[in-house]
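Scroll down for the structure; my scribbles are underneath it.
Worth saying up front: this structure is predicted, and the values here are computed from it rather than measured.
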There are 2 protein chains.
Amino acid sequence: MKLEEIFLFDGVDSSDKARMISCFKIQRRKYKPGEIICDFEEKRDRVGIILSGSVSLVRIDASGNRIVIEDLSENDVFGEMFALADDAPHGIFAECEKKCEVAFVAYSQISKRCENACLCHTTVVENMFRVVTKKTKRLSERIEVLSNKSIRDKLLCLFSMYSQREGKPSFELPFSLSYLAEYICADRSAMMREIKHMSDDGLIKNDKRRIEMLI
Amino acid sequence: MKLEEIFLFDGVDSSDKARMISCFKIQRRKYKPGEIICDFEEKRDRVGIILSGSVSLVRIDASGNRIVIEDLSENDVFGEMFALADDAPHGIFAECEKKCEVAFVAYSQISKRCENACLCHTTVVENMFRVVTKKTKRLSERIEVLSNKSIRDKLLCLFSMYSQREGKPSFELPFSLSYLAEYICADRSAMMREIKHMSDDGLIKNDKRRIEMLI
DNA sequence: AAATTTCTGTTGCATATGCAACAGGAGGTG
DNA sequence: CACCTCCTGTTGCATATGCAACAGAAATTT
């Protein structure tokens with residue numbers, strides 16, 4: 001993906017765009033799966049924008065469990081919390097999932113107004129705002145899923161989101177069942193068992209990642 | 001709280017501020033506990049800013065359970081997801097918790113640039129951006145807590161966040177134990193039981209809302 | 001083609017947790 | 001004071017769920 005195409009410059013006309021790209025001193029880097037892109041131990045004045053591939057925001061907790069807090073792909077942003085936050089969280093880092101390329105931009109470049117007070121800066125800030133709002137929505141949805149107490153209710157909550165999004169009762173999970181268990185923070189085998197029960201109870205039909213909701 | 005004091009106008013000089021306040025056609029309204037401030041069935045072009053009191057973003061799920069997705073107080077924002085999102089979520093509404101006053105601002109007013117392309121609009125968008133980022137951080141933290149599988153681990157995760165924030169191992173919960181159970185999405189009695197076990201195991205000392213972590 | 005890893009699927013067992021039900025205390029209100 | 005509501009605290013019971021362990025299928029790499 002070219003820098004010209006990232007969401008950050010949506011709505012900026014091409015001459016301004018070219019000027020900003022050179023002015024922003026954007027750094028690009030490629031990563032292989034498993035590589036640590038960035039830890040957030042210190043406060044950093046930069047955000048990452050994903051140009052290709054996918055990245056996970058991961059935390060290792062006290063017991064050594066790996067928790068995926070966010071899953072990011074093309075045109076998503078990470079690090080904005082750390083560029084702005086006063087109190088730095090602990091043990092969170094960005095890890096490459098599928099081989100990826102990331103563009104790093106200094107946050108101060110984004111927020112500052114240039115000498116000419118040009119409109120394009122405003123547009124850029126608005127674009128950032130839109131992406132962060134999208135992220136808020138995704139996180140809220142996940143909380144909604146996790147707030148259900150039983151595995152069954154978590155799955156029903158998530159499945160109905162998907163079927164609503166598709167506009168029909170059947171859909172294909174966008175990831176593996178292992179990952180699904182991670183997403184709903186349940187034990188995989190317990191989840192598999194529950195899916196079978198739900199199928200036995202006539203709530204859903206399923207075959208691997210294909211799910212059909214029967215009310 | 002006066003409109004002049006809300007975060008939205010931070011960094012805007014007072015003459016511009018006065019001009020914007022009149023130009024934005026902000027509506028203010030007071031609510032009593034339990035009142036529904038706003039449902040989000042239809043897409044609305046406005047965000048709410050809380051001037052005083054507190055507000056919960058609540059969802060009633062299919063089984064009739066009440067889920068608090070976000071807790072908001074002074075200078076927090078709600079509705080920005082719905083002003084921007086394409087697909088409107090279902091059954092979410094904002095409910096007054098402690099008696100409150102809310103200012104409603106049309107989102108288009110915030111994002112649009114006025115004829116003069118004045119700087120203050122940029123500042124306002126930046127301020128919105130900062131608040132939404134703060135919200136993202138809060139939601140991430142909650143996911144981190146909820147991602148723990150056992151009640152014990154959820155509590156330890158949350159408690160260590162608090163003690164870290166306080167800079168010392170003992171702290172006072174900012175809300176009731178009933179509410180704590182809601183926050184970690186666990187049954188209250190089960191949580192109380194677990195707190196006792198943790199105390200028996202020498203992990204914490206506790207008296208009502210006062211918690212002390214012993215490693 | 002062979003080797004290796006990841007994904008899907010299943011089972012037994014111990015126990016953590018939800019649920020229902022109850023009770024005393026604190027605080028607020030008429 | 002009497003009444004009410006909310007918060008804290010506790011217990012018994014049924015069961016949902018985590019954990020460990022295993023195995024074949026599918027995908028990916030060598």
Side-chain angles (χ1 to χ4, degrees), chain A residues 32-34 53-54 56 61 63-68 96-99 145-158 172-201 203-211, chain B residues 32-34 54 56 61 63-68 95-99 145-158 172-201 203-211:
Chain A
K32 288 197 288 278
S54 67
S56 295
D61 70 13
S63 329
N65 300 311
R66 193 188 127 95
I67 303 161
V68 176
C96 174
E97 206 68 26
K98 297 192 184 124
K99 73 175 183 174
V145 171
L146 293 181
S147 70
N148 291 283
K149 294 201 183 77
S150 65
I151 291 181
R152 175 172 295 211
D153 287 344
K154 282 179 182 164
L155 289 174
L156 286 175
C157 178
L158 185 62
E172 187 98 9
L173 289 172
F175 37 56
S176 73
L177 292 173
S178 313
Y179 183 84
L180 175 61
E182 257 193 43
Y183 183 87
I184 67 170
C185 300
D187 179 74
R188 190 186 60 82
S189 68
M191 185 195 75
M192 299 293 277
R193 184 168 36 202
E194 190 56 33
I195 287 180
K196 199 145 78 85
H197 289 164
M198 288 164 74
S199 181
D200 292 345
D201 293 353
L203 290 173
I204 59 169
K205 273 189 199 166
N206 72 302
D207 177 51
K208 309 249 181 201
R209 301 185 192 181
R210 177 117 222 123
I211 310 281
Chain B
K32 289 197 287 278
S54 68
S56 296
D61 69 14
S63 329
N65 299 311
R66 193 187 126 96
I67 303 162
V68 176
E95 183 184 316
C96 174
E97 206 67 27
K98 296 192 185 125
K99 74 175 184 176
V145 172
L146 293 181
S147 70
N148 290 283
K149 293 201 184 78
S150 65
I151 292 181
R152 176 172 295 212
D153 288 343
K154 283 179 182 165
L155 289 174
L156 286 176
C157 178
L158 184 62
E172 188 97 11
L173 289 172
F175 36 57
S176 72
L177 292 172
S178 313
Y179 182 84
L180 176 61
E182 258 192 42
Y183 183 86
I184 67 170
C185 300
D187 179 73
R188 190 185 59 82
S189 68
M191 184 194 75
M192 299 292 276
R193 185 169 34 200
E194 190 56 33
I195 288 181
K196 200 145 78 85
H197 290 163
M198 290 165 74
S199 182
D200 292 345
D201 292 352
L203 291 174
I204 59 169
K205 274 189 198 166
N206 73 301
D207 178 50
K208 309 248 182 202
R209 300 186 193 180
R210 179 115 221 128
I211 311 280

Rounded to the nearest 0.5 Å, how far does [atom2] of [Y] lie from [atom1] of [X]?
{"X": "Ile211(A)", "Y": "Leu180(A)", "atom1": "CD1", "atom2": "CG", "answer": "7.5 Å"}
{"X": "Asp187(A)", "Y": "Arg193(A)", "atom1": "CG", "atom2": "CZ", "answer": "7.5 Å"}
{"X": "Ser147(A)", "Y": "Lys154(A)", "atom1": "OG", "atom2": "NZ", "answer": "9.0 Å"}
{"X": "Ser178(B)", "Y": "Met192(B)", "atom1": "OG", "atom2": "CE", "answer": "8.0 Å"}

Ile151(A) and its side-chain contact (heavy atoms from CB on, under 4.5 Å) partner, picked from Ile195(A), Ile184(A), Leu156(A) = Ile184(A)
Dump every N/O contact between nucleotides 6-9 of chain D and the protein below 3.5 Å, one line per pair.
unit_1, atom_1, unit_2, atom_2, d
dT8(D), OP1, Arg209(B), NE, 3.1
dT8(D), OP2, Leu177(B), N, 2.6
dT8(D), OP2, Ser178(B), N, 3.3
dG9(D), N7, Arg188(B), NH1, 3.0
dG9(D), O6, Arg188(B), NH2, 3.0

request  = For the pair Cys185(A) and Leu146(B), evaluate side chain to side chain contact (heavy atoms under 4.5 Å, CB included) and give the outcome as yes or no after the intermediate values.
outcome  = CA-CA 8 Å; Cys185(A) 300; Leu146(B) 293 181; over 6 Å; no
inquiry  = So, using salt bridge (charged side-chain N to carboxylate O under 4.0 Å, His left out) as the criterion, who are the partners of Glu194(B) when residues are at least two apart?
reply    = Arg152(B)
Range on DNA chain C touched by chain B, heavy atoms, distance below 4.0 Å = dT17(C) to dA20(C)
note = Bend of the helix from dA1(C)-dT30(D) to dG30(C)-dC1(D) from end-axis comparison, five pairs per end, nearest 10°, comes to 60°
Side-chain touch Asn148(A)/Leu158(A), heavy atoms, less than 4.5 angstrom = no
query = For Arg210(A), what residues pass the side-chain hydrogen bond (donor to acceptor under 3.5 Å, both in side chains) criterion, not counting sequence neighbours?
reply = Ser170(A), Glu172(A)
request  = Quick one: list whatever passes side-chain hydrogen bond (donor to acceptor under 3.5 Å, both in side chains) with Glu95(B), sequence neighbours left out.
outcome  = Arg66(B)
inquiry  = On DNA chain C, does the nearest nucleotide to Lys149(A) precede the nearest nucleotide to Ser189(A) from the 5' side, or the other way round? Give the residue.
reply    = Ser189(A)
